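Below: the structure, in C-alpha cells.
Not measured: the values here are computed from a predicted model.
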Amino acid sequence: MERIVWILISLSLSLLATHVRSDSSDHRYADGDSVPLYANKVGPFHNPSETYRYLDLPFCVTGHEKEKTEALGEVLNGDRLVSAPYELHFKKEKDSNLVCKKKLTREEVVQFREAVKKDYYFQMYYDDLPIWGFIGTVDKEGKSDPSEYKYFLYKHIQFDVLYNKDRVIEISARMDPHSVVDVTEDKEVDVEFMYTVKWKETEIPFEKRMEKYSQSSSLPHHLEIHWFSIINSCVTVLLLTGFLATILMRVLKNDFMKYAQDEEAADDQEETGWKYIHGDVFRFPKYKSIFAAALGSGTQLFTLTIFIFMLALVGVFYPYNRGALFTALVVIYALTSGIAGYTATSFYIQLEGTNWVRNLLLTGCLFCGPLFLMFCFLNTVAIAYSATAALPFGTICVIVLIWTLVTSPLLVLGGIAGKNSKTEFQAPVRTTKYPREIPPLPWYRSTLPQMAMAGFLPFSAIYIELYYIFASVWGHRIYTIYSILFIVFIILLIVTAFITVALTYFQLAAEDHEWWWRSFLCGGSTGLFIYGYCLYYYYARSDMSGFMQTSFFFGYMSCICYGFFLMLGSVGFRASLLFVRHIYSIDPPIAASMSDTTRNTTPPLPLTVVPSSSADTTIHFGHIPYFPNRCAKQLRTQLILALQATQRPVINFHIRWDVVSHWGGKACHFCKITMHKKDTHKTERLEIGCDRKPIIYLHTHFLPIANSPMGTPRHYFLRTEDTPPSVTQAETKRGINKGVLRIVSAFEHLP
C-alpha cells in the first residue's frame, strides 16, 4: 500500500510540474498576430488580499470581453482574468490609439477617487508576462490638509514591448503624467481613454525572460542580508550544539559516575535525578488520542513542506507562475494524508489505544477543521467585499471532492495500515504500575516558561528571513532564493530538536517524568513566536489596513502558525524520544567499577524460591550486579539454570525479590518476577513488573497482611542460609552501591 501511495505522489508531482512548465507560453507569433492580453485585478497597493475584478471599476467596456478559464491554483490565488480592451498585435506599433470616450457619472467619479486615494494598482498579463501600473495619482505638494489634496485619474497608458525574433520577451506599462483627468470633485467628467504601443528588439533569449523578475531578490544588498541571516543562524546552531553537547555529555557522565560511586560517597548522596524515574519515564501520556493525532498531522505537514521545497529547488515556482504554489499545496496535502493516518494510528496503537477509528477521524480534522472554519469566515468576508479572494461555488465543490475522494480514502488506508502494523512501543525499561509523584518544581520549570525558552532560539535563527517571506506573501516583493530558504529551514529543524532535547533532559533531571506533551509543546512553541512576529510586521513594517485585509492576514497566519506548531512539535517530540530512549538504554558502569577485592570478598547471596507448595528451595548465587534497567535480562538465564539444577518439577511458582535503598520506605525499588514452567512443553515465560514505590505485593497463595501501611517495607527481611542477619541502613546502601542484589524472600503472615 505504501508503494502505491508513493507511486501516486511521484506521478502527481510529475504531472504538476509538467502542467506548470507548459503554462509558461511557448508561443511564436508572426507580424501582426494578435497576442493575448488579459486584465487580471485591481486593488489597494498596501492590501494585497483586497483585490477586485478589473472591470469592477468603470473602465472602458467593448462588449466583447471574455473570461479566461483558470486552474484551481489561479482561482485560489485570487486571479480573475478577462480580455482587456487594448489590442497589442505583434510588432505593430500604435500611437495614442483611442480605446473609448466615456462620460463618468458622479458615482463613477467618486468610485475612481476612492480608488486613487487608496493607491489602487492594476495587473495584466501579456503572453503570460505580468504588467503593473497605478490608475491615478494624488497631488499633495504644498498641502498639509488632506481635504486640499487633488486626485487625478490616468487616461493614457503606454506599453513598451521587447521581442526576440518571433517571441515576446518583456513588457512594461508607463502612465502618462500629463494625460490625467481631475476626479477631486463630485461632478460628471468626460474622459478619453487612450494607449500607445512601442516595440523594440532585444537579444535576451526566450528561456531567460523570467530572470528579470527574480533578479530583484538576488541584488547584491539583498544577498548580503540573506547571507548574514544564514551566518547568524549557523553561528546560533554551532554555539547551541556545542553548548548542549558539552553540557549533556558532562552532566550525563557525572550522573553515571554518581550512580557508580563507592560506599564513602554514597552515604552522603540523595537519590535524585533522571535515573530514578526510569519506571515512569515511558508511562504513556494523557489524552493519547489527541497526542497521536497531533503527531500524525505534524508528520504530514513536515512531509508536505519537504515536497514543496523539492519542487521549488527544481524551478517549478518561478515568478508569476500563476497558482502553481496553491495547486501544489492542495495536491500534495491530499496525497500525503495517508502518512498522517499511518503515523497517528500506528503510534496510537503503540500507546495501547483501542478506539483507533475515533483517533483517525481526529487526525483528519485536527488541522483541516480549524482551517475550514477560518476559510468559511474569511470567504464570507470576501463575499461581503465582492473581492476576488471569494472562491466561487464551483471551486469550493472541487476542493470538497478532492477531500472526499482523495484525502479521506488515503487517510483511511493509512490508518488501516497503521493499525495492522502490529508494532510495539520500544521502551528500554519497564513502566511501573503506579505513577511516581512529581516533586514540587520552581515556576520557571513549568510549561509556559519552558515553551518561551524553547521557542526563542529557533525563532532568532529565522527572524531575518521571515521579513522577506512576509514581504513576498503579504506584499509585492518577489522571493526566489529557495536554496537559502531551505538552508534556513534545516537550521530551524536542528535548533528546535536540540533545544527540545536539552529542556527534556533538565525536566527529567528534576524527576518530572511527564515529558511527552512538554516536548511537543516546546518544539512547536516557535509557531507562537512567528504569530507574535505577525503583530510586529503588521503594525511596524507594513501599511495594511481595513477589516478585510486585517482579518485575512491574522486569520490565515493563525492557520500557518498552527501548522508550524504541529510540524515543529512533532520534530521536537521525535528528537526527545530518541534522546530519552538512548540514555535509558545505557546502563551505568557499576559492575565495571567494582574492584577485584570487592568481587572476591563479598560472600554469595542466596536467591530464595518460594513455590506454590509449602516446601522451600534455596539456590545460591555469586555476585549479581545491580542494573535496574536490565534486571530481567540478567536474572533470566540464572533463574532457568538454577531451576534446572533443582531437578524437581515446579509448576507455577513465584519468586519475590527486592532492592531496598533506604529503610522507612523513602526510596525502595521493588520487582516482581513470575515464572511459569510446564513440564510437558519445557517452556518458560518471564513476566516482570517494576515499581519504585514501596508497595506490598501479595500472591493469592499467601494470606493478606493486615494493618500494613503503604510505604513501610517492615514486612520484609534479608535472608541467608541460616538465620536473618542484622542489617543496618548503611550496610544496605553499601550493598546496593557495590552492585550486590539483595534478595527478599520472607513474608510476614497473620498470627
Minimum heavy-atom distance [X]-[Y], with the two atoms named:
X	Y	value
Thr363	Ala344	OG1-CB, 3.2 Å
Arg518	Glu514	CB-O, 3.9 Å
Phe282	Ala427	CG-CB, 3.9 Å
Leu301	Met567	O-SD, 4.0 Å
Gly527	Cys561	O-CB, 3.5 Å
Cys559	Pro370	SG-O, 4.3 Å

Expected output: side-chain [X] to main-chain [Y] donor-acceptor under 3.5 Å:
X	Y	answer
His513	Arg436	yes
Thr432	Gly279	yes
Arg283	Tyr434	yes
Glu352	Gln350	no
Glu511	Ile438	no
Arg574	Thr299	no
Ser297	Ala294	no

If you look only at distance, which donor and acceptor atoms sit under 3.5 Å apart when one is on a side chain in residues 452-461 and the other is two or more places apart or in another chain?
residue: Ser460; atom: OG; partner: Phe456; partner atom: O; Å: 3.4
residue: Ser460; atom: OG; partner: Leu457; partner atom: O; Å: 2.6

*Got a sec: does the CZ of Phe564 have more than 12 other heavy atoms crowding it under 6.0 Å?*
no
*asked:* Taking atom OH as the centre, does Tyr287 end up with more than 12 heavy-atom neighbours from other residues, nucleotides or ligands that are less than 6.0 angstrom away?
replied: no
_Under the criterion side-chain contact (heavy atoms from CB on, under 4.5 Å), I'd like the reasoning laid out for Phe284 against Trp516: C-alpha separation, chi angles, the key distance, then a yes or no._
CA-CA 8 Å; Phe284 297 149; Trp516 299 68; 4.2 Å; yes
Working to the nearest 0.5 Å, report the span between [atom1] of [X] and [atom2] of [Y].
X	Y	atom1	atom2	value
Gln507	Ser519	CD	OG	8.0 Å
Ser337	Leu304	OG	CG	11.0 Å
Leu366	Ser289	CG	OG	9.5 Å
Phe291	Phe347	CZ	CZ	5.5 Å
Thr345	Ile416	OG1	CD1	9.0 Å
Ser446	Met451	OG	CE	11.0 Å

*Is there a side-chain contact (heavy atoms from CB on, under 4.5 Å) between Leu360 and Lys419 once you walk through the steps?*
CA-CA 10 Å; Leu360 196 63; Lys419 175 183 176 296; over 6 Å; no
Hey, are the side chains of [X] and [Y] touching, using non-hydrogen atoms and a 4.5 Å cut-off?
X	Y	answer
Phe506	Arg445	yes
Leu578	Val501	no
Leu521	Phe565	yes

_Leu503 vs Thr500, side-chain contact (heavy atoms from CB on, under 4.5 Å): CA-CA, chis, key distance, verdict_ = CA-CA 5 Å; Leu503 292 177; Thr500 308; 6.0 Å; no
*asked:* Classify the ring geometry of Phe520 against Trp517: parallel below 30°, tilted from 30° to 60°, perpendicular beyond 60°.
replied: perpendicular
*Can you say whether the rings of Tyr505 and Phe579 are parallel (under 30°), tilted (30 to 60°) or perpendicular (over 60°)?*
perpendicular
*Residues forming a side-chain contact (heavy atoms from CB on, under 4.5 Å) with Ser421, sequence neighbours excluded*: Tyr342, Ser346, Thr423
*asked:* If the condition is side-chain contact (heavy atoms from CB on, under 4.5 Å), which residues does Arg358 pass it with, not counting sequence neighbours?
replied: Tyr348, Asn355
*Begin from the C-alpha positions of Phe302 and Leu568 and carry the test side-chain contact (heavy atoms from CB on, under 4.5 Å) through to its verdict.*
CA-CA 8 Å; Phe302 176 76; Leu568 297 179; over 6 Å; no
*Cation-pi between Arg581 and Phe425: NZ/CZ under 6.0 Å from ring centre and within 45° of the ring axis?*
yes
*Kindly say whether the aromatic ring centers of Tyr584 and Trp515 come within a distance under 6.0 Å.*
no
